[in-house]
Amino acid sequence: MNFEEIKKLDSQYGAETFSRFPVALAGGQGATLVDTEGKRYIDFGAGIAVNIFGVNDEEWKSAVIDQLGKIQHTSNLYYVEPQARLMELLCKRTGAKRVFFGNSGAEANECAFKAARKYSYDKYGAGRSKIISLKNSFHGRTLFTLTATGQDVFHRYFHPFVGDVVSVDANIESVRKEAKGACAVVIEPVQGESGVTALNAEFVKALEKFCKEQDVLLIVDEVQTGNGRTGKFHAYEHFGISPDLVTTAKGIAGGLPLGACLFFEKTEHVFSAGDHGSTFGGNPVCCAGAVNVISRLTDEFLLEVQGKSDYMRAKLRTIDGVKAVTGMGLMIGLETEKPAKEVANECLKRGLLVLTAHTRVRLLPPLNITKNEIDEGLSVLKEVLK
Ligand SMILES: *Cc1c(COP(=O)(O)O)cnc(C)c1O
């Protein structure tokens with residue numbers, strides 16, 4: 001099918017939830033993609049931080065295909081090897097004690113929120129169920145995670161929302177005001193969807209202290225920032241904090257749907273059989289992809305990510321029309337003189353895929369993007385922004 005044929009079917013039959021860029025992607029190699037009309041693009045988006053090793057990565061593909069040839073799904077009624085191996089890898093890498101697998105970021109957060117409420121209920125009884133999130137956060141599209149998403153644009157139409165969830169300004173006084181009845185605070189180390197803004201380090205340290213003192217769980221949403229994106233395995237490592245629950249998804253399986261909630265010391269035994277579940281969660285094909293991804297995110301590889309980030313950021317700062325460069329690692333926000341949407345559309349026409357986040361241009365390239373691909377993408381941005 002060509003682009004017009006695909007677009008026609010989508011317009012006619014798709015739920016009208018997405019405003020898509022006018023392109024149908026068909027394939028590619030690494031961070032270089034090709035559309036149905038044979039046009040080439042440099043990919044600075046990675047399918048929203050998902051395709052960690054770009055597309056068509058040989059090693060990842062063979063891990064996935066190998067599992068696909070054995071068994072594609074088992075349900076969680078049975079044990080299956082790639083899931084067990086991934087649990088071990090994630091725990092050894094992060095110091096977490098246990099892992100629960102879902103299929104998405106929203107489900108990972110849903111699991112963490114439920115775990116936090118149960119932790120508090122088991123220990124203190126009812127009346128301590130409040131989840132505190134931050135203004136300008138994004139935690140997902142299920143009703144619970146949407147309630148915790150601190151952006152009013154997402155809070156239309158769907159009332160009533162989940163009770164006892166509040167969003168506060170990102171300062172410790174505002175969190176303290178909501179301390180009564182709270183069981184958890186959830187943060188994104190770098191707020192992604194609202195514009196690629198890193199949290200203030202002093203605030204994050206103060207928050208960790210507050211949480212420890214009050215026995216309020218600290219949940220870190222690493223759905224976008226995790227899996228090497230910021231140059232550390234998880235972005236909270238930049239802040240030197242120890243969370244109680246960590247959620248991850250997007251990049252974890254290199255392009256397959258998988259989410260995970262990591263339980264640290266305090267929350268290790270919060271769930272028992274029947275408390276939570278998922279039919280697809282921890283699917284063996286997705287887990288095989290994730291085992292490949294996680295085992296390749298070595299310290300050496302993460303240093304390369306940091307190097308690429310430094311290189312891109314230094315170049316971006318010299319580009320006319322760039323007012324500020326935000327974020328961490330290869331999670332880059334650009335405040336531009338031209339409106340972000342216009343920049344994204346212009347880049348697309350010239351063969352570069354970039355994303356937007358609120359008023360900023362957002363760059364989330366595959367972590368294995370080559371220097372040539374970076375240079376090619378940056379030269380398009382330079383043209384567009386001037
Ligand atoms: C994308 C995202 C989510 C939601 O993930 P889905 O897989 O779309 O459900 C949650 N939290 C953060 C920080 C995200 O960036």
Side-chain angles (χ1 to χ4, degrees), residues 15 17-18 20 45-52 100-116 131-151 153-155 158 162 165 167 170 184-199 204 218-230 232-236 238-239 243 245-262 278 280-283 286 289-290 293 326-333 355-358 360 362-365:
T17 50
F18 300 107
R20 300 185 200 270
I48 321 185
V50 169
N51 297 333
I52 291 266
F100 176 86
F101 293 118
N103 307 287
S104 65
E107 282 176 79
N109 285 330
E110 191 85 18
C111 174
F113 296 170
K114 286 174 74 177
I131 310 273
I132 303 173
S133 70
L134 299 182
K135 296 246 170 80
N136 298 317
S137 58
F138 183 85
H139 297 296
R141 298 282 193 160
T142 64
L143 209 49
F144 204 165
T145 57
L146 203 58
T147 311
T149 290
Q151 301 182 65
V153 292
F154 294 104
H155 293 169
F158 304 117
V162 177
V165 178
S167 299
V185 180
V186 57
I187 59 168
E188 297 161 82
V190 182
Q191 294 185 324
E193 298 302 311
S194 65
V196 195
T197 310
L199 292 183
V204 174
L218 180 56
I219 305 173
V220 180
D221 178 345
E222 293 272 358
V223 171
Q224 192 162 156
T225 51
N227 307 300
R229 174 58 49 193
T230 68
K232 299 268 188 197
F233 185 68
H234 281 140
Y236 71 78
H238 292 285
F239 296 86
L245 293 158
V246 169
T247 58
T248 168
K250 288 198 168 83
I252 189 172
L256 294 173
L258 185 71
C261 177
L262 277 52
S278 171
F280 283 120
N283 169 280
C286 303
V293 167
T326 68
M328 285 177 144
L330 288 180
M331 182 171 179
I332 301 174
L355 309 170
T356 61
H358 197 49
R360 289 189 181 141
R362 175 171 47 159
L363 311 180
L364 301 163

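Nothing here was measured: the structure is a model prediction, and the numbers come from that model. Whatever order the structure lists ligands and atoms in, that order sets their numbers, starting from 1.
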>> Determine whether a donor-acceptor pair (N or O, by modelled atom type, separation under 3.5 Å) exists between the side chain of Thr149 and the backbone of Ser137.
In response: no

>> Applying a heavy-atom cut-off of 4.0 Å, say which part of His139 lies close to ligand 1: side chain, backbone, both or neither.
In response: backbone

> Would you call Gln191 and Lys135 a side-chain contact if the rule is heavy atoms closer than 4.5 Å?
Replying inline: no

> Is the backbone of Leu258 close enough, under 3.5 Å, to the side chain of Asn103 for a donor and an acceptor to pair up by distance?
Replying inline: no

> What residue and atom, counting heavy atoms only, is the protein's closest point to atom 1 (C) of ligand 1, and at what distance?
Replying inline: Lys250 NZ, 1.5 Å

>> Does the protein come close to atom 8 (O) of ligand 1 - that is, does one of its heavy atoms sit below 4.0 Å from that atom?
In response: no

> Is any N or O atom of Glu107, backbone or side chain, closer than 3.5 Å to an N or O atom of ligand 1?
Replying inline: no

> Are Phe280 and Phe101 close enough, and set up right, to give a ring-ring contact (aromatic ring centres under 6.0 Å, His included), and what steps lead you there?
Replying inline: CA-CA 9 Å; Phe280 283 120; Phe101 293 118; over 10 Å; no

> Can an N or O of Glu188 be found at a distance shorter than 3.5 Å from an N or O of ligand 1?
Replying inline: no

>> Checking a contact table here: which protein heavy atom is nearest atom 5 (O) of ligand 1, and how many Å away?
In response: Gly105 CA, 3.3 Å

>> Closer than 4.0 Å to some heavy atom of Ala106 - which atoms of ligand 1 meet that?
In response: 4 (C), 5 (O), 6 (P), 9 (O)

> Of all the atoms in ligand 1, which lie at a distance below 4.0 Å from a heavy atom belonging to Asp221?
Replying inline: 10 (C), 11 (N), 12 (C), 13 (C)

>> Below 3.5 Å, N or O to N or O, backbone or side chain included: is there any such pair between Phe138 and ligand 1?
In response: yes

> Rounded to the nearest 0.5 Å, what separation is found between the CZ atom of Phe138 and the OG1 atom of Thr145?
Replying inline: 7.0 Å

> Which atoms of ligand 1 sit under 4.0 Å from any heavy atom of Ser104?
Replying inline: 7 (O), 9 (O)

> With sequence neighbours left out, what residues match Asn283 under side chain to side chain contact (heavy atoms under 4.5 Å, CB included)?
Replying inline: His73, Val285, Cys286

> What atoms in ligand 1 come closer than 4.0 Å to a heavy atom of Gln224?
Replying inline: 15 (O)

>> Heavy-atom pairs closer than 4.0 Å: do any link ligand 1 to the side chain of Ala249, the backbone, both, or neither?
In response: neither

> So, are Glu222 and Arg229 salt-bridged, with charged N and O less than 4.0 Å apart?
Replying inline: no

> Heavy atom under 4.0 Å from ligand 1: found in Asn109's side chain, backbone, both, or neither?
Replying inline: side chain

> How about Met331 and Gln224: do any of their side-chain heavy atoms sit closer than 4.5 Å?
Replying inline: yes

>> Checking the side chain of His358 only, and the main-chain atoms of Gly192 only, is there a donor and an acceptor separated by less than 3.5 Å?
In response: no

